[in-house]
Protein chains: 2
Amino acid sequence: MAAGTKPLRSDAARNRDKLLVAATQLIAEHGLDVPLEHVARRAGVSIGTLYNHFPTREALLGAVMPQRLAALEQVTERALADPDPWDGFVAFLEGLFALQSEDHGLNDALTQGFTLATDVSQACHRGLLDAERIIERAQVAGRLRPDFGTQDLVTLIWAMSQVIRESMNTAPGAWRRCLAFFLDGLRTEAAHPLPER
Amino acid sequence: MAAGTKPLRSDAARNRDKLLVAATQLIAEHGLDVPLEHVARRAGVSIGTLYNHFPTREALLGAVMPQRLAALEQVTERALADPDPWDGFVAFLEGLFALQSEDHGLNDALTQGFTLATDVSQACHRGLLDAERIIERAQVAGRLRPDFGTQDLVTLIWAMSQVIRESMNTAPGAWRRCLAFFLDGLRTEAAHPLPER
DNA sequence: TACGAATCTGAGGGATGCCTCAAGTTGTGT
DNA sequence: ACACAACTTGAGGCATCCCTCAGATTCGTA
């Protein structure tokens, strides 16, 4: 795929950048549903200009979110770099949820994740593949219970996203305690049979 | 408190009932945010009439939700009736979340719960007191880890409410598996130290 | 049956957010 | 300096949901 994108006029390029900055900020503060008019206003640009550059909300998210999701890759790397597979697994989850608790938009994206714009959705799937390696490593080491699958991670993300949302203002960090409870149920030695289906 | 409410005219009483029935149904189907116009329409009544009977959304919720929340009391009773304190604790959680998964409105109410109309909020608090007895009984029996408090139950409800929301259509019952993981972390023997605040 | 009070109705005004497009402005190559 | 394509603007149309109120209707009673 050659770069089919013509070079933007200088003012257009500036406005596009201002929009991306504004969108990144506001999405982090207020989530994926932030009114596009607010984004345009913070960028110091009219709503029409926003629609020139990003014809749909998804287009804007597709331009903003992948960068935020990339932060997750670092967390994954660090987790895999941990010599102890279990500690790495824990570090992954803590890093992941720490990111979510700092960015409303990321929290939303990982919740809706797979119902979203192709760009975002694909990034989520890629992230999940990486996560799978972390999970398997901890299982092979005999530390993580073997019946914990990737879908269970998705479910855990759903769960924690809400804890983060609800406690963000009143008790930030409450999610760490909740995660600790959950982790105690994920150790191999804690495992009891799961309900069938 | 004497009944300060004058008897309604027969048609008014009928309409009030129709509104309550419609609201109960639609709230269960679509959650607490269901448009009031929809409620009026399903009740076969004009929007004005709805506002005659329930001047605010909270008034309507205050009339509808306590009855739904009462279903929870039965769950609590049955849980306390279980001879095994741990089984009772588990039955309580399963009963609670089963109710939530059948009623979008109840799910919302227990999530927002304490940010809500006084009637609903009070019912939530009362429910929480009952739950405390279940928790303590399981702890005294040495089955439930002693560092699990009422606030942790609230957090768990937040978490599961989202799992229920997300999986309701695609994989109803997914919450049971998630709960099983969590429960395995709540057993006394699974307990590891929690992060200090 | 006829009257008055209780009740119902639904058009309509307000708020928010989405998105478009005709007219105006600005960058850029010549 | 000019011309034209590229870009910007923001009013305004659409949709949804909120809530109100003047006028029409209906119930209960005498």
Side-chain angles (χ1 to χ4, degrees), chain A residues 3-23 25-65 104-105 108 112 115-117 120, chain B residues 3-23 25-65 104-105 108 112 115-117 120:
Chain A
T5 56
K6 299 162 191 171
L8 287 173
R9 224 172 65 177
S10 64
D11 57 341
R14 234 178 307 123
N15 283 339
R16 190 173 194 279
D17 285 347
K18 286 195 285 184
L19 281 166
L20 288 177
V21 169
Q25 289 177 357
L26 284 178
I27 287 173
E29 290 170 27
H30 298 106
L32 297 183
D33 291 333
V34 65
L36 296 182
E37 262 107 349
H38 292 193
V39 174
R41 199 179 312 143
R42 175 162 314 187
V45 132
S46 93
I47 180 64
T49 296
L50 187 152
Y51 278 98
N52 277 349
H53 288 283
F54 308 102
T56 67
R57 174 179 234 101
E58 293 215 331
L60 180 59
L61 296 185
V64 165
M65 295 314 291
H104 260 253
D108 290 353
Q112 309 171 13
T115 332
L116 261 173
V120 180
Chain B
T5 56
K6 298 162 190 171
L8 288 172
R9 224 170 68 177
S10 65
D11 57 342
R14 232 178 309 122
N15 284 338
R16 190 174 193 280
D17 284 348
K18 285 194 285 183
L19 280 167
L20 287 177
V21 169
Q25 289 177 355
L26 284 178
I27 287 174
E29 290 170 27
H30 297 107
L32 298 183
D33 291 333
V34 66
L36 297 181
E37 261 108 351
H38 293 193
V39 174
R41 198 178 314 143
R42 175 160 316 184
V45 132
S46 93
I47 182 63
T49 296
L50 186 152
Y51 279 98
N52 277 349
H53 288 283
F54 307 103
T56 67
R57 175 179 232 102
E58 293 217 330
L60 180 59
L61 296 185
V64 165
M65 294 314 292
H104 261 251
D108 290 352
Q112 310 171 14
T115 332
L116 263 173
V120 180

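Because the structure is predicted, anything quoted here is derived from the model rather than measured. Letters A, B, ... are given to chains in the order of the sequence lines, protein chains preceding strands, and every chain is numbered from 1. What's counted below: heavy atoms across the whole structure, side chains too, no hydrogens, waters or symmetry copies.
Side-chain contact between Glu58(A) and Leu61(A) is absent, with no heavy atoms from C-beta onward closer than 4.5 Å.
Closest to the Asn52(B) side chain, of the nucleotides dC17(D), dT9(C), dC19(C), is dT9(C). In this structure, the nucleotide among dT9(C), dC19(C), dC17(D) sitting nearest to the side chain of Glu37(A) is dC19(C). Counting only heavy atoms from C-beta on, Ala12(A) has its side chain closest to dC7(D) among dC18(D), dG10(C), dC7(D).
With hydrogens and angles disregarded, no donor-acceptor distance shorter than 3.5 Å links the side chain of Arg16(A) to the backbone of Phe54(A). Without hydrogens or angle criteria, Arg57(B) side chain to Asp33(B) main chain gives a donor-acceptor distance under 3.5 Å.
Taking atom CZ of residue Phe54(B) and atom C1' of nucleotide dT7(C), one finds them 14 Å apart after rounding to whole Å. Summarising the geometry, the separation between CG on Asp17(B) and C1' on dC8(C) is reported as 16 Å, rounded to the nearest angstrom. Rounded to an integer number of Å, the gap from Lys6(A) NZ to dA5(D) P is 13 Å. Counting to the nearest Å, the P atom of dT8(D) and the CZ atom of Arg41(A) are 19 Å from each other. For the pair Leu50(B) CG and dC19(D) P, the computed distance is 10 Å after rounding to whole Å. Across the protein-nucleic acid pair, Tyr51(A) atom OH and dG13(D) atom C1' stand 14 Å apart, rounded to whole Å. Protein atom NE2 of His38(A) is 9 Å distant from nucleotide atom P of dT16(C), rounded to whole Å. For Arg57(A) and dT20(C), the CZ to P distance is 14 Å, given to the nearest whole Å.
Phosphate contact (OP1/OP2 of dT8(D), side-chain N/O of Ser46(A), threshold under 4.0 Å): absent. Between His53(B) and dC8(C), a side-chain N or O to OP1/OP2 separation shorter than 4.0 Å is present. For the pair Asn15(A) and dC7(D), the criterion of a side-chain N or O lying under 4.0 Å from OP1 or OP2 is not met.
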*Yes or no on side chain to side chain contact (heavy atoms under 4.5 Å, CB included) for Ile27(A) and Met65(A), after CA distance, side-chain angles and deciding distance?*
CA-CA 9 Å; Ile27(A) 287 173; Met65(A) 295 314 291; 4.1 Å; yes
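Note on Ser10(B): only backbone sugar-phosphate atoms sit closer than 4.0 angstrom, heavy atoms only; bases stay farther off. Using a 4.0 Å heavy-atom criterion, one finds that Asp11(B) contacts the sugar-phosphate atoms exclusively. Leu36(B) comes within 4.0 angstrom of the backbone, heavy atoms only, and of no base. Within the 4.0 angstrom heavy-atom criterion, only backbone atoms of the sugar-phosphate kind lie near Leu8(B); the bases stay farther away.
Contact annotation: side chain of Arg9(A) to base of dT28(C), donor-acceptor pair absent below 3.5 Å.
To the nearest 0.5 angstrom, Glu29(A) atom CD is 4.5 Å from Arg42(A) atom CZ.
Judged by closest nucleotide on DNA chain D, Pro35(B) is the one of Arg14(B) and Pro35(B) placed further toward the 5' end.
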